[in-house]
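All values reported here derive from a predicted model rather than from experimental measurement. Note: hydrogens, waters and symmetry copies are ignored here, and every other heavy atom, side chains too, is used.
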There are 2 protein chains.
Amino acid sequence: MKFSAKFEYALVALLYLKCEPDEMPVSGRTLSEKLNLPYRFLEQILSDLKKGGIIRSVRGKQGGYKLSVEPEHISIYDVYQVTEGKFEPWDCTHGESADGCGQSHNLCVINQFYTDFKTTFIDLLKSYTLDRLCNSAKNLKNLSAKVV
Amino acid sequence: MKFSAKFEYALVALLYLKCEPDEMPVSGRTLSEKLNLPYRFLEQILSDLKKGGIIRSVRGKQGGYKLSVEPEHISIYDVYQVTEGKFEPWDCTHGESADGCGQSHNLCVINQFYTDFKTTFIDLLKSYTLDRLCNSAKNLKNLSAKVV
DNA sequence: GATAATTCCGATAGAAACGATATGAATAAT
DNA sequence: ATTATTCATATCGTTTCTATCGGAATTATC
């Protein structure tokens, strides 16, 4: 039960993009350096975020990435899905017959809990937008610049 | 973001113990066979559950395991802690200076979300007791016997 | 047109976590 | 003494996660 580094990096990168002025796209290299994240790994994540429609890219020299939608329309759940895939905390691999889980009903007893958990989790992640996070991160740039 | 097999096995085993008559302890071997779980692995889990005070054991021949407290006082969160350790979905390994997270404040911005998530998670898991689960699992024994 | 900075793509390596197995000692009922 | 059991520890194999690598395609700038 951990969030992956991919997810974490994605959030941080998105926060950076949000707090950037809109004119110029930000390159992967810049993101990597400013946020101190591994460049090649970050590239993969940016690729995922693009595929997921969260950011858009500009190729070639002077290219880079920008948010493709308003920060208030990007939920943490969106980011989760893009980086960690469909949320499926439980492997009900114990037979999938007509009545749901043929072989071992004993496991599926726990489904009540499981379903509840899933709903709660998704609702919470949906309730956080990038904007909501970023409001307390106005000074992101200064801080990350300070690091180096 | 997955529950481990350990956690799943622990829950199923505890459900079995709960639904057993109290007189005799149930051996690890029996649990393993009835629930179709890998014996040695299950032993480890039972050991964890014992260390965590959730079950108690009787050594030697005719020995086995029993719940050490009433099922209504065993929460899923207890089981989670015992099998997966402290719930810490986020590695704030980005410098732990006096103000919490020295180097990269940008990461810690996400702490608002993180804290909220943690609280929600723990509350939900605490709200489910073994008893609550087991009420819908009265026929556990029959079902698992049917499987084989 | 050449150059440089960039996104994009696929392969793979390295590390860590997870699930499971193996060996055997200690304990206690029969 | 024998047998069934808990208990302790080590190790193995697989998968997943994190990260690296090489290079192709694209595009602004000189």
Side-chain angles (χ1 to χ4, degrees), chain A residues 1-10 12-13 17 23-52 54-66 68 80 82-86 88-91 93-94, chain B residues 1-13 17 23-66 68 80 82-86 88-91 93-94:
Chain A
M1 275 291 156
K2 269 195 184 301
F3 291 107
S4 67
K6 228 173 152 178
F7 173 73
E8 177 181 319
Y9 294 174
V12 177
L17 291 182
E23 316 117 25
M24 296 283 290
V26 182
S27 76
R29 181 64 71 184
T30 301
L31 281 170
S32 158
E33 281 167 1
K34 294 282 186 181
L35 300 170
N36 201 30
L37 302 177
Y39 172 54
R40 296 289 196 177
F41 192 29
L42 183 59
E43 266 190 333
Q44 290 175 20
I45 296 165
L46 292 167
S47 165
D48 289 339
L49 289 172
K50 192 197 167 179
K51 278 177 198 153
I54 294 178
I55 60 177
R56 61 197 178 82
S57 65
V58 180
R59 299 191 65 171
K61 197 170 180 179
Q62 303 283 30
Y65 302 91
K66 309 170 67 167
S68 67
Y80 182 90
V82 161
T83 55
E84 308 210 16
K86 191 153 173 281
E88 204 62 57
W90 199 273
D91 289 325
T93 54
H94 314 284
Chain B
M1 274 290 157
K2 271 194 183 300
F3 290 107
S4 67
K6 227 172 154 180
F7 173 73
E8 177 180 320
Y9 295 172
L11 279 183
V12 176
L17 290 182
E23 315 117 24
M24 296 283 290
V26 183
S27 77
R29 180 65 70 184
T30 302
L31 281 170
S32 157
E33 281 165 1
K34 294 281 187 181
L35 300 171
N36 199 32
L37 301 177
Y39 172 54
R40 294 290 192 180
F41 192 30
L42 183 59
E43 265 190 333
Q44 291 175 19
I45 296 165
L46 291 168
S47 165
D48 290 338
L49 289 171
K50 192 197 167 182
K51 279 176 198 154
I54 294 178
I55 61 178
R56 59 196 180 82
S57 65
V58 181
R59 299 193 64 168
K61 198 171 178 178
Q62 303 283 29
Y65 300 91
K66 310 170 65 166
S68 67
Y80 181 90
V82 162
T83 55
E84 309 209 15
K86 192 153 175 281
E88 205 62 56
W90 199 274
D91 289 325
T93 55
H94 314 283

Take B/Gln44 and B/Gly28, find for each the nucleotide of DNA chain D with the closest heavy atom, and name the residue whose nucleotide sits nearer the 5' end.
B/Gly28
Round to the nearest Å and state the distance from B/Glu43 atom CD to D/dA10 atom P.
16 Å
Separation of A/Lys2 atom NZ from D/dT16 atom P, in whole Å?
19 Å
Listed nucleotide nearest any side-chain atom of B/Ala5, set D/dA19, C/dC9, C/dG19:
C/dG19
Length of the CG-P vector between A/Leu31 and C/dA5, whole Å
17 Å
Just how far, in rounded Å, is P of D/dC7 from CG of B/Asp48?
12 Å
Taking CZ from B/Phe7 and P from C/dC18, how many angstroms apart are they, rounded to a whole number?
14 Å
Touch check for B/Tyr65, heavy atoms < 4.0 angstrom, all strands: base, sugar-phosphate only, or nothing?
sugar-phosphate
Does a distance-only test, which skips hydrogens and angles, find a donor-acceptor pair under 3.5 Å between the side chain of B/Arg40 and the base of C/dT23?
yes
Separation of A/Phe41 atom CZ from C/dA11 atom P, in whole Å?
18 Å
For B/Ser47, report the nucleic acid contact type (base, sugar-phosphate, nothing); a contact means any heavy atom under 4.0 Å.
nothing
Can you check the A/Tyr39 OH to D/dT20 C1' distance for me, whole Å?
13 Å
Protein-nucleotide distance (B/Lys50, atom NZ; D/dC7, atom C1'), rounded to Å
8 Å
N/O to N/O distances under 3.5 Å, protein versus nucleotides 28-30 of chain C:
none

Distance col, row B/Tyr39:OH vs B/Leu46:CG, nearest 0.5 angstrom, shows 9.0 Å
Rounded distance (nearest 0.5 Å) linking atom CZ of B/Arg29 with atom OG of B/Ser32
6.0 Å
First locate atom CD of B/Glu84, then atom NZ of B/Lys2, and finally report the distance between them rounded to the nearest 0.5 Å.
12.0 Å
